[in-house]
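Note on naming: letters A, B, ... go to the chains in the order of the sequence lines (proteins, then strands), and numbering restarts at 1 for each one.
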There are 2 protein chains.
Amino acid sequence: MSKNKKVRLDSAGRFAYDGLDRVIHEKARLGIVTSLATHPQGLLFNDLKELCSLTDGNLSRHLQILQEAGLVQIWKGFKDNRPQTLCQLTAQGQQRFLEYVAVLENVVTDALSGAPASPNKRVSEGWSPA
Amino acid sequence: MSKNKKVRLDSAGRFAYDGLDRVIHEKARLGIVTSLATHPQGLLFNDLKELCSLTDGNLSRHLQILQEAGLVQIWKGFKDNRPQTLCQLTAQGQQRFLEYVAVLENVVTDALSGAPASPNKRVSEGWSPA
DNA sequence: CGCTGTTACTTTACATTGCAAAGTTAGCGA
DNA sequence: TCGCTAACTTTGCAATGTAAAGTAACAGCG
């Protein structure tokens, strides 16, 4: 079996992506935050529901998490005597989202840098499948 | 209160990002898959542990999920009479990862297209904070 | 040779999280 | 007045992420 080269110490944590903010990274919330980022005037609860294809309960939960994390401001209002909820990114939310996107760009860069489309090298002798 | 424009029907699902493969999207697994994508010859369990800053138990769990999903091939071998585990992306894993990264690029594009760095517009009258 | 520590993982226990069904409040129309 | 609908919130529970604990085997030492 060929001798595998030990990962260099300075690579430790290279793919940990610590800056990937979990509050934003969850798929449903990523969609919510991205759609809010592209609508500075905010979006209604129903608009978010449609844009992100979420159920009422799910959207409500995620908005609560985003609000508690300080990324989203929730406004209550009325239209035709009916209650309406408007959601908007806070300044902090925008900032954290930009930071998150920068890390996401790193992931994309990493992903495309290692010739991922090329076939894997055959493992050398001495290995058997698990 | 100003009249909010209803989201156009053709925008439904615009930010659902259905192509964001959850098996890959989980932060720890994203790191694992990205690091494997940049090492076609595969990586040892310990190398992955260091590169991704994961505990043994956590890494093992995620590798199991990736293997069960068909994205990763696990090879067992020995070095100096000690067991070693080599992990490698499968062809399917590479394909799905490329598809995933394409969607990630969409997210990044969306995120940067809506003037996210510009301050939010003040909400019109009639709204009060939740 | 027995014992202890270490290595390279796997398994387990449990806390956290994501989801949608169920619930709530209030308005509208018959 | 009643039934239905809208716009959410809350709840129950299944799924998931994490690291501590466990396992098997090797190395070194006395």
| Are Lys27(B) and Glu26(A) within salt-bridge range, i.e. N to O under 4.0 Å? |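 No, no charged N to carboxylate O under 4.0 Å.
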Quick one: is [X] getting a side-chain N or O under 4.0 Å of the [N] phosphate, OP1 or OP2?
{"X": "Asn58(A)", "N": "dG18(C)", "answer": "no"}
{"X": "Arg29(B)", "N": "dG17(D)", "answer": "yes"}
{"X": "His62(B)", "N": "dT16(D)", "answer": "no"}
{"X": "Thr85(B)", "N": "dC9(C)", "answer": "yes"}

Nearest to the side chain of [X], which nucleotide is it out of [options]?
{"X": "Glu26(B)", "options": "dC28(C), dC19(C), dG17(D)", "value": "dG17(D)"}
{"X": "Asn46(B)", "options": "dA8(C), dC8(D), dG18(C)", "value": "dA8(C)"}
{"X": "Thr55(B)", "options": "dA8(C), dA19(D), dG17(D)", "value": "dA19(D)"}
{"X": "Arg22(A)", "options": "dT6(C), dG17(D), dG18(C)", "value": "dG17(D)"}
{"X": "Arg82(B)", "options": "dG27(C), dA27(D), dG18(C)", "value": "dA27(D)"}
{"X": "Arg61(A)", "options": "dG18(C), dC28(C), dC9(C)", "value": "dG18(C)"}
{"X": "Lys76(A)", "options": "dA19(D), dC8(D), dC19(C)", "value": "dC8(D)"}

| Considering the terminal five base pairs at each end of the helix from dC1(C)-dG30(D) to dA30(C)-dT1(D), what angle separates the two local helix axes, rounded to 10°? |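 Here the helix ends are tilted 20° relative to one another.
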| task | Please assess Leu43(A) against Leu86(A) for the test side chain to side chain contact (heavy atoms under 4.5 Å, CB included), listing each intermediate value before the final yes or no. | result | CA-CA 6 Å; Leu43(A) 284 166; Leu86(A) 184 74; 5.6 Å; no
Looking at [atom1] of [X] and [atom2] of [Y], how far apart are the two atoms once the value is rounded to the nearest 0.5 Å?
{"X": "Ile24(A)", "Y": "Leu30(A)", "atom1": "CD1", "atom2": "CG", "value": "8.0 Å"}
{"X": "Lys49(A)", "Y": "Ser60(A)", "atom1": "NZ", "atom2": "OG", "value": "11.0 Å"}
{"X": "Leu63(B)", "Y": "Arg29(B)", "atom1": "CG", "atom2": "CZ", "value": "10.5 Å"}

| query | Under the ring-ring contact (aromatic ring centres under 6.0 Å, His included) test, which residues partner Tyr100(B), sequence neighbours left out? | reply | His25(B)
[X] [atom1] to [N] [atom2]: how many Å, rounded?
{"X": "Phe45(A)", "N": "dT10(D)", "atom1": "CZ", "atom2": "P", "value": "12 Å"}
{"X": "Ile24(B)", "N": "dT16(D)", "atom1": "CD1", "atom2": "C1'", "value": "17 Å"}
{"X": "Gln84(A)", "N": "dG27(C)", "atom1": "CD", "atom2": "P", "value": "14 Å"}
{"X": "Gln64(B)", "N": "dT11(C)", "atom1": "CD", "atom2": "C1'", "value": "9 Å"}
{"X": "Leu59(B)", "N": "dT10(C)", "atom1": "CG", "atom2": "P", "value": "9 Å"}
{"X": "Leu63(B)", "N": "dT16(D)", "atom1": "CG", "atom2": "P", "value": "17 Å"}
{"X": "Glu68(B)", "N": "dT11(C)", "atom1": "CD", "atom2": "C1'", "value": "13 Å"}
{"X": "Asp80(B)", "N": "dA25(D)", "atom1": "CG", "atom2": "P", "value": "18 Å"}

| Only one of Thr38(B), Val33(B), Ile32(B) clears side chain to side chain contact (heavy atoms under 4.5 Å, CB included) with Leu36(B); which? | Ile32(B)
| message | Does Asp56(A) reach a base, just sugar-phosphate, or nothing at all? Heavy atoms under 4.0 Å. | response |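 If one applies the 4.0 Å heavy-atom cut-off, Asp56(A) turns out to touch a base.
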| said: Looking at Gln88(A) and Pro40(A), would you say the former's side chain and the latter's main chain have a donor-acceptor pair under 3.5 Å? | reply: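 Judged by distance alone, yes, a pair lies under 3.5 Å.
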| Pick the nucleotide of DNA chain C nearest each of Pro83(B) and Asn81(A); which residue has the one closer to the 5' end? |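 Mapping each residue to its closest nucleotide by heavy atoms, the 5'-most match is Pro83(B).
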